[in-house]
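Since the structure comes first, as structure tokens, the remarks are kept for the end.
On a predicted model such as this, the values are computed, not experimentally measured, just so you know. Labels below follow one simple rule: chain letters A, B, ... track the order of the sequence lines, proteins then strands, and each chain is numbered from 1.
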Amino acid sequence: MRTIDDFTVPKEYEAPIEKLLKKIVRSLVDKEIMPYRRTFDEEWRHNPRIESFYQKLFVDIGAQRFLWPAEYGGWNVGGSNWIGTAAYVVMEEIARADTGLAVAFGCGIGWSNFMIAFLPMRRNERLLEEISNLYTKSDKPVIACMAMTEPQGGSDIENTEIEHGRTIQTTAELDGNEWVINGHKLWPTNSAEADLYGVICTTKRGSTDDRDLAVIMVPADKPGVKRGEPYHKAGMAADLNTDIWFDNVRVPDYYRACGPGEDMVFFKSTLDNIGVLGSISYCVGAMKNVYEILKEYVSKKTYHGRPLKENDAIAGVLSDITAKIEASHLMARQFARMIDRPDQYGSYFSSEIRAKSRATKLFVCERCNEVCSEAMDILGIHGYDRDHDIEKQWRDVKMIQLWMGGKQICEMETARWFYECETL
Amino acid sequence: MRTIDDFTVPKEYEAPIEKLLKKIVRSLVDKEIMPYRRTFDEEWRHNPRIESFYQKLFVDIGAQRFLWPAEYGGWNVGGSNWIGTAAYVVMEEIARADTGLAVAFGCGIGWSNFMIAFLPMRRNERLLEEISNLYTKSDKPVIACMAMTEPQGGSDIENTEIEHGRTIQTTAELDGNEWVINGHKLWPTNSAEADLYGVICTTKRGSTDDRDLAVIMVPADKPGVKRGEPYHKAGMAADLNTDIWFDNVRVPDYYRACGPGEDMVFFKSTLDNIGVLGSISYCVGAMKNVYEILKEYVSKKTYHGRPLKENDAIAGVLSDITAKIEASHLMARQFARMIDRPDQYGSYFSSEIRAKSRATKLFVCERCNEVCSEAMDILGIHGYDRDHDIEKQWRDVKMIQLWMGGKQICEMETARWFYECETL
Amino acid sequence: MVKKDVFLYPKEWVTEEDETLADSVRDWADKEVMPNRQEFDEDYEDKLVGPAMKKLFVEIGLQKMVWPEKYGGEGLNTPAVSSMLVRVLEEISRADSGIGFIFANTFCSLLPIILEPDINDELCSELAPLFCKSNDIKTVSLILPDFGDPEIRTDDDFYGLTAQVTAELRDDGVILNGRNVRPINSGSTANMFGVISSAGDGDLLYVLVPENTSGIKRGKTFFKTGLNSDKNADLSFDKIKLPKKYVVWKGSDMKVIKEILSWKALCDSALCVGSIMDVYETAKRWGTDRVIHYDQTLKENPLVAAVYADVSKDIVSSRLLTHNLARILAKPEIYGESWNDDVFSTARSISLTVMNASCEAINKAMETMASEGYAREGNIEKHWRDVKSIKNMIGGEIPAKMDVTRYFFECKNI
Amino acid sequence: MVKKDVFLYPKEWVTEEDETLADSVRDWADKEVMPNRQEFDEDYEDKLVGPAMKKLFVEIGLQKMVWPEKYGGEGLNTPAVSSMLVRVLEEISRADSGIGFIFANTFCSLLPIILEPDINDELCSELAPLFCKSNDIKTVSLILPDFGDPEIRTDDDFYGLTAQVTAELRDDGVILNGRNVRPINSGSTANMFGVISSAGDGDLLYVLVPENTSGIKRGKTFFKTGLNSDKNADLSFDKIKLPKKYVVWKGSDMKVIKEILSWKALCDSALCVGSIMDVYETAKRWGTDRVIHYDQTLKENPLVAAVYADVSKDIVSSRLLTHNLARILAKPEIYGESWNDDVFSTARSISLTVMNASCEAINKAMETMASEGYAREGNIEKHWRDVKSIKNMIGGEIPAKMDVTRYFFECKNI
């Protein structure tokens with residue numbers, strides 16, 4: 001019988017430990033998440049099951065030691081040339097059960113460490129050591145959060161090519177050997193439960209000089225950090241979003257990630273590489289889950305006295321869904337590979353990779369929304385009840401399309417590169 | 001400046017001579033086809049320019065010697081483990097200029113030789129020698145044609161999994177050591193100009209036994225072969241389609257391709273492998289051409305006093321087009337790779353490859369239709385004139401979706417495998 | 001607030017009385033729902049929905065209106081009620097589609113006994129007081145054929161779909177049986193059930209079942225995507241027995257089912273239109289207040305404006321089509337009866353078109369609002385969930401499509 | 001042949017006279033076009049199109065009808081002509097959209113001088129005889145703003161689009177200039193040109209230009225995707241000089257352009273509807289005659305039937321919407337004037353919806369016909385090319401979308 005593992009995997013791109021990783025994560029989510037995920041929506045304020053899952057995945061299995069350099073107690077996977085694929089596979093597997101958890105995981109351990117440790121720029125050893133210790137030595141899950149969006153400006157902050165940080169309202173001022181941070185961020189993944197914030201701020205309001213953009217690490221327990229209640233959303237309840245206010249928050253000067261100019265590169269890479277890799281993995285994970293649920297339903301329920309899947313019209317929809325998953329998965333795997341092999345595909349800081357990453361997110365998110373919606377429609381009057389989980393995926397995945405500047409910025413970044421537009 | 005070569009090529013899948021092949025074919029079509037293709041539509045009855053192009057490509061460059069085994073005077077590319085990719089690249093390049101020419105090329109030299117020579121079944125040496133000599137020794141282009149569709153039955157003949165040849169009306173009877181063929185075929189590529197027909201027929205009308213399906217080679221100059229006038233179509237004028245009647249046509253018994261049972265495998269492979277590889281390469285070639293034309297148009301014409309491409313709304317459409325091309329191209333390249341590497345992806349006779357090939361054709365054709373249509377809409381009141389060639393591609397590519405059983409059979413084959421349907 | 005005619009509709013077909021009623025429903029919505037509508041979704045203890053509904057159903061009196069005058073109603077029980085229905089449902093759905101959905105399905109369930117010229121006097125005289133004299137909300141839960149389930153039944157009762165309930169007609173009454181029965185609406189709360197059941201001999205029955213009939217068991221109210229003001233639950237009918245008078249219709253020609261579905265198509269469409277007109281208001285406000293690129297109003301960005309064009313187009317068309325369907329149902333003398341195949345197929349066609357356009361419109365509007373489109377407080381995502389749920393309750397897109405093709409292409413077996 | 005009301009439309013709005021005229025156009029189509037319509041596309045020597053058009057334009061008399069009675073016309077020059085126009089264009093387009101397209105654009109070009117209540121007596125008395133008394137076909141070629149070209153002009157004259165012709169108003173007349181001018185229709189053959197031109201001072205002019213004006217040069221008739229009964233060619237106006245009376249309108253409020261575009265939206269929609277109703281006929285015939293799986297009628301295959309449902313839905317909606325737009329234009333006293341922003345935006349919205357639905361419907365119908373969908377003899381691909389061409393002639397989808405959003409979202413800069 002065909003399963004989600006029958007979608008084509010480009011064999012040439014498989015990571016060395018890919019199959020093992022898949023197996024470990026799938027068995028964990030099948031046990032810890034799948035049986036309970038239907039209740040997540042009502043537990044959007046507080047969900048103890050997620051904490052227990054984090055403990056198992058981050059600490060017991062050791063995911064939070066995964067990426068770090070060996071010299072700081074990590075497993076150095078972040079330095080391998082298959083990190084993109086490995087990260088993709090893990091996130092896809094979690095997303096199959098719950099995309100909210102997958103993004104919480106992706107953002108929680110993904111960006112900060114990977115970036116600081118492995119970006120080919122000035123390595124901020126002192127900060128790296130501090131953060132790495134936080135992750136590798138802790139026996140509690142450590143959750144990070146990248147705080148970028150602000151109350152106004154749409155996707156201006158993410159629109160680095162045009163705005164160059166001009167609209168950022170959160171400020172960082174150097175006072176002696178400390179940064180003083182003031183501002184208001186909202187919506188980021190993990191914002192309501194993070195231990196560590198990476199705050200996108202400006203050292204000079206209104207500036208369009210890339211060097212004035214700063215990424216500064218702010219531990220959540222610093223005085224002046226205040227956060228709101230979790231938002232109530234259409235779905236994706238496992239990811240807790242809220243407002244964060246920084247009121248004269250002081251951190252040491254070396255908490256700035258990389259420094260003037262390089263912070264902008266860091267920030268872009270967070271969006272273009274890790275952000276996109278995550279987004280498309282969540283979409284594909286959700287779609288594969290839709291496939292497996294749908295398959296069971298259409299094999300059981302009948303129409304004209306025969307299983308739904310034997311009706312040509314329904315089979316037509318099933319096959320459209322399948323083709324979209326196959327295409328999205330292949331596109332996603334290609335992108336993961338491009339992250340793994342800059343020697344083949346060029347630096348992942350390049351404008352080419354940025355454009356292609358956005359084109360990929362644009363395309364995969366759109367297909368994912370369609371797949372979930374079409375599947376729901378097949379279920380008829382059972383499509384809208386919690387029992388089949390497809391409606392959950394439908395609600396959850398819309399968020400992926402909307403975040404990181406949404407669909408429009410993907411369109412602008414894609415057009416800008418492929419058509420040499422200058423003013424978008 | 002970005003060009004059609006900036007769509008992502010999976011580096012790991014590149015064929016050894018891929019770049020060279022591209023260059024040779026592109027320079028040929030840029031010179032011989034591009035400047036003249038606008039007139040093809042009015043020359044649908046007879047087009048001398050195409051003949052000259054064939055002479056250059058098939059004979060002078062030697063494309064018709066390309067695939068054959070070395071022992072029969074060929075270059076043995078058909079036996080390489082990069083034949084799928086190499087064939088894909090060549091067909092895509094021709095299709096960029098004219099999909100009708102590309103399919104005429106693909107069918108003209110592609111299927112017959114490749115299949116007989118390299119399918120892992122009984123090798124019909126006597127036939128192979130005869131046909132290979134036809135190709136490798138001729139100083140004129142040799143054009144082949146696979147005759148399958150009949151006046152009734154929709155896609156029944158192509159629907160081998162369900163019909164098993166039951167509806168084939170063209171018969172082959174063994175009379176001594178000769179096959180006697182009777183029947184009526186219509187629509188196949190090259191039918192109006194082929195030198196050699198591969199005729200799908202049955203040795204027993206109404207049979208559902210795969211062994212009764214026969215693929216028999218019929219040289220066009222045999223007595224009893226009659227063909228009609230070329231059809232007048234919506235586009236794709238460079239491919240000449242017509243009716244063919246076989247009236248007691250006699251050929252030697254060894255002109256049957258492989259024999260009972262194996263002919264069915266041969267036929268399926270023609271559709272699932274070569275047919276699909278061709279179809280998707282034509283689509284991608286056309287889409288890339290649309291991209292380059294469109295790019296020029298939106299860079300020049302203005303709206304609100306600025307180039308069209310600098311209008312965000314138009315850029316949005318441009319980027320959707322781009323993402324569709326990128327996705328289709330990647331999916332197509334993956335399929336070519338799967339043909340190249342049965343060691344990695346399994347035999348290309350498998351039901352898995354069949355299903356995935358159809359899913360790929362389904363998906364890529366649909367995107368291609370959308371891309372051409374959206375591009376045409378951007379052009380406004382210039383969209384419908386011959387001058388921009390986009391309307392030509394729009395008219396031409398619809399055919400690709402319709403042939404080989406059309407969209408519906410792609411849907412049924414995909415659903416059948418991924419959902420284990422039994423009665424579609 | 002959007003003027004009621006920003007999106008043009010054939011005003012000639014809507015009477016002044018219809019507009020007056022629609023205006024009072026709009027007032028009700030603004031007062032009773034809008035101020036705290038975000039909480040309507042999780043109003044598990046019925047502190048908000050019930051009281052608001054009561055005002056609408058009882059005080060404004062919707063539940064009384066559609067009954068014949070001679071039985072205590074207000075006599076809006078002619079086909080000409082359709083345009084009023086559309087305007088009223090538009091206004092309810094603008095605030096909360098779930099409440100509109102309950103009213104719509106109650107109305108559709110009662111149609112076969114209340115609608116001129118075929119009034120069922122026996123049942124009207126018995127049931128009208130319940131709806132016209134009570135101070136409580138009264139609703140009917142509609143139970144239609146569904147996909148089959150091999151563990152229960154898979155018979156082809158209604159063009160490939162299976163009746164969820166079986167009926168055994170005896171001399172002294174009718175016995176209904178069914179388990180895991182999924183109603184369209186109000187399974188947890190309805191005062192009556194309108195049930196399509198199969199007699200097994202090729203005939204279908206439409207039976208009205210009072211809630212207190214012994215042998216009815218209601219399951220737990222389940223969580224669902226949207227329409228959360230409506231509390232739904234699966235039911236079981238364990239050999240429930242009813243007097244024959246409750247068998248409203250019996251036959252093999254599907255007449256009553258098609259009548260109900262044609263009117264349900266109208267109501268569903270009107271609910272969708274109400275929703276997307278509110279989405280329009282919200283999106284417009286957002287697009288006007290939000291600034292990007294330092295000094296550009298969001299709605300002035302051409303890419304966003306292109307999305308708004310798609311949203312607007314969908315509303316323009318959906319509203320016009322819905323009002324046209326109302327007219328078609330209002331004038332059987334011109335367009336034919338609601339159960340005729342041409343009207344039935346046209347109704348199903350229009351409702352599919354409107355639902356799809358509405359889902360698409362909301363989906364796109366969300367995409368211009370970034371995360372706010374996804375937050376409860378953005379007031380868009382609820383419509384997105386509600387309208388998708390309405391579409392689900394059409395009973396599967398493919399069977400609905402077959403209803404369209406069957407007439408236009410004269411098919412027999414689909 | 002499909003009955004004219006298989007797809008319901010608001011018959012109440014169509015008069016008996018309208019239907020009678022439509023019937024005679026249907027007869028014309030069946031007799032003059034249908035028997036050899038496949039050849040209309042390549043009728044380079046005008047052996048078929050011209051004679052057929054002449055019967056329609058002159059003998060049946062379409063070109064005379066819309067002129068005021070007092071100038072020799074038949075007085076169908078009121079807004080109420082809209083429903084007749086739709087029915088007639090439906091019938092023409094069923095057979096050949098190109099011919100309908102010529103008539104539609106001729107009508108739209110003349111609107112500003114012939115339509116009640118704003119009749120231009122001077123031009124009517126001069127021009128009416130040309131159209132009403134002649135035994136030859138008389139047509140007007142419409143020239144609208146287009147995307148700009150840096151080698152010519154890129155001014156923002158009409159919401160970002162550039163007038164293709166510039167005008168210089170002098171005391172003794174007007175001088176027009178333009179090169180590479182692309183008309184909407186009939187560049188090769190028209191007897192007159194209806195030209196939107198820019199005065200350079202923010203004002204636009206609508207000028208009627210007789211074909212014999214010196215300085216007009218017509219390019220070669222070009223090959224195009226569809227609408228091949230219409231012979232189009234680029235033009236150049238080399239300082240052509242005209243008396244002032246030919247300046248029909250001058251202003252900065254876009255009034256006349258919006259009026260023309262609103263009516264053009266109606267005509268384009270009606271043409272699309274006529275096309276897809278014929279596509280429906282052909283697809284139905286094919287689906288009924290064709291056998292697959294040995295003994296299954298094609299249309300009984302559920303997958304094919306699902307495609308047919310999409311096709312049917314698109315026709316149901318498109319036809320209703322088009323007739324609604326006709327009503328909106330027919331009744332300015334209820335819905336407002338055709339150049340008002342709400343009517344203009346609604347018209348643009350409906351025409352976009354109808355065009356897209358029509359393109360989609362034909363596209364899908366083709367997909368059920370395998371190669372036959374692609375062959376000329378299948379009689380579908382011509383509609384596919386024609387309708388796509390009509391859509392192209394809207395002047396770019398994005399500008400049209402901006403026309404929709406500008407009103408509904410109150411945008412200023414798009």
Side-chain angles (χ1 to χ4, degrees), chain B residues 38-39 41-42 149 152-156 159 162-163 166-167 186-187 206 231-236 241 300-308 311 313-314 316-317 369 373-374 376-387 391-392 394-395 398-399 401-403 405-408 411-412 424, chain D residues 38 42 144 146-151 154-156 159-162 182-184 222-227 232 290-294 298 301 303-304 307 359 363 366-377 380-382 384-385 388-389 391-399 401-402 413-414:
Chain B
R38 267 169 220 168
T39 65
D41 275 294
E42 274 57 56
T149 305
Q152 269 292 359
S155 54
D156 285 345
N159 194 356
I162 288 296
E163 296 295 343
R166 180 169 65 130
T167 65
L186 37 78
W187 270 107
Y231 302 148
H232 196 189
K233 299 168 298 182
M236 218 180 248
N241 312 105
K300 185 183 169 208
K301 290 284 190 152
T302 68
Y303 180 40
H304 287 287
R306 300 185 307 154
L308 287 185
N311 178 278
I314 287 168
V317 183
N369 281 317
S373 174
E374 288 160 6
M376 219 175 139
D377 288 345
I378 287 184
L379 268 52
I381 60 176
H382 303 272
Y384 82 157
D385 66 39
R386 201 66 69 76
D387 285 1
E391 70 88 35
K392 168 192 165 55
W394 176 78
R395 284 185 290 113
K398 187 73 189 164
M399 185 68 200
Q401 187 182 43
L402 299 177
W403 68 37
K407 194 169 157 181
Q408 289 88 9
E411 293 178 311
M412 296 304 98
L424 293 180
Chain D
Q38 280 160 32
E42 299 199 322
L144 296 172
D146 183 18
F147 293 130
D149 185 330
E151 287 167 26
T154 63
D155 290 28
D156 181 347
Y159 301 120
L161 296 176
T162 304
R182 163 67 50 96
I184 298 298
F222 54 80
F223 287 113
K224 52 195 164 65
T225 308
L227 295 174
N232 207 359
R290 189 91 174 159
V291 173
I292 62 165
H293 293 333
Y294 231 65
L298 183 67
N301 179 281
L303 179 56
V304 173
V307 178
C359 289
N363 213 17
M366 282 174 86
E367 287 162 17
T368 63
M369 290 179 66
S371 303
E372 187 74 3
Y374 197 76
R376 296 275 169 126
E377 62 171 30
I380 276 207
E381 63 81 36
K382 180 178 190 307
W384 178 64
R385 291 182 288 109
K388 186 71 174 176
S389 301
K391 188 179 170 197
N392 273 132
M393 300 324 277
I394 202 175
E397 188 162 15
I398 293 294
K401 281 185 168 185
M402 297 300 120
N413 306 320
I414 57 175

**Request:** Rounded to the nearest 0.5 Å, what's the gap from OG1 on D/Thr154 to NZ on B/Lys300? Could you check?
**Result:** 12.5 Å

**Asked** What distance do D/Met366 atom CE and B/Leu402 atom CG have between them, rounded to the nearest 0.5 Å?
**Response** 5.5 Å

**Asked** When rounded to the nearest 0.5 angstrom, what is the spacing between OG1 in D/Thr368 and NZ in B/Lys407?
**Response** 10.5 Å

**Prompt:** Is chain D contacted by the side chain of B/Met236, its backbone, both, or neither, given a heavy-atom distance below 4.5 Å?
**Reply:** both

**Request:** Check whether the side chains of D/Asn413 and B/His304 place a donor and an acceptor atom closer than 3.5 Å, and report yes or no.
**Result:** no

**Request:** Could you check which of D/Lys388, D/Lys401, D/Met402 has the highest count of heavy-atom pairs closer than 4.5 Å to chain B?
**Result:** D/Lys388

**Asked** Taking C-beta and beyond as the side chain, do D/Glu381 and B/Arg395 meet within less than 4.5 Å on heavy atoms?
**Response** no

**Complete:** With chain B, the option among D/Ile398, D/Asp155, D/Thr162, D/Asp156 that has the most non-hydrogen atom pairs under 4.5 Å is D/Ile398

**Message:** Can you classify the ring geometry of B/Tyr303 versus D/Phe147 as parallel (below 30°), tilted (30 to 60°) or perpendicular (above 60°)?
**Reply:** perpendicular

**Message:** Below 4.5 Å, heavy-atom pairs only: which of D/Lys391, D/Glu151, D/Glu397, D/Glu367 has the largest tally toward chain B?
**Reply:** D/Glu367

**Prompt:** What part of D/Ile184 is in contact with chain B, defined as an atom under 4.5 angstrom from a non-hydrogen atom: side chain, backbone, both or neither?
**Reply:** both

**Item:** D/Asp149 versus chain B, the contacting section by heavy-atom distance below 4.5 Å
**Value:** both

**Item:** Residue part contacting chain D, namely of B/Leu308, when any heavy atom lies under 4.5 Å
**Value:** side chain

**Asked** Checking D/Leu303 against chain B: side chain, backbone, both or neither under 4.5 Å from a heavy atom?
**Response** side chain

**Item:** chain B contact via D/Asn232 - which portion, at a heavy-atom distance below 4.5 Å
**Value:** side chain

**Asked** Nearest 0.5 Å, what's the CD-NZ distance between D/Glu372 and B/Lys233?
**Response** 13.0 Å

**Asked** Between B/Asn311 and chain D, which part of the residue has a heavy atom less than 4.5 Å away: side chain, backbone, both or neither?
**Response** side chain

**Asked** Do D/Lys224 and B/Glu391 touch side chain to side chain, with heavy atoms closer than 4.5 Å?
**Response** no

**Request:** Test B/His232 against every option in D/Glu377, D/Glu42, D/Gln38 by the side chain to side chain contact (heavy atoms under 4.5 Å, CB included) rule and name the one that passes.
**Result:** D/Glu42

**Item:** Choice from B/Gly206, B/Ala234, B/Gly406 maximising heavy atom contacts with chain D below 4.5 Å
**Value:** B/Ala234

**Message:** Nearest 0.5 Å, please: how far is CZ in D/Phe222 from NE2 in B/His382?
**Reply:** 8.5 Å

**Asked** Nearest 0.5 Å, what's the CG-CD1 distance between D/Leu144 and B/Ile381?
**Response** 7.5 Å

**Prompt:** With a 4.5 Å limit on heavy-atom distance, are the side chains of D/Thr225 and B/Met376 in contact?
**Reply:** yes

**Prompt:** For D/Met369, is it the side chain, the backbone, both, or neither that has a heavy atom closer than 4.5 Å to a heavy atom of chain B?
**Reply:** neither

**Prompt:** If you count heavy-atom pairs under 4.5 Å between each of D/Leu161, D/Asn301, D/Asn363, D/Val304 and chain B, which one has the most?
**Reply:** D/Asn363

**Asked** Under a 4.5 Å heavy-atom cut-off, does chain D meet the side chain of B/Gln408, its backbone, both or neither?
**Response** both

**Asked** Is it the side chain or the backbone of D/Tyr374 that comes within 4.5 Å of chain B heavy atoms, both, or neither?
**Response** both

**Request:** Could you tell me which portion of D/Asn392 (side chain, backbone, both or neither) has an atom closer than 4.5 angstrom to a non-hydrogen atom of chain B?
**Result:** both

**Request:** Using a cut-off of under 4.5 Å on heavy-atom pairs, state which of D/Gly373, D/Gly395, D/Cys359, D/Pro399 scores highest against chain B.
**Result:** D/Pro399

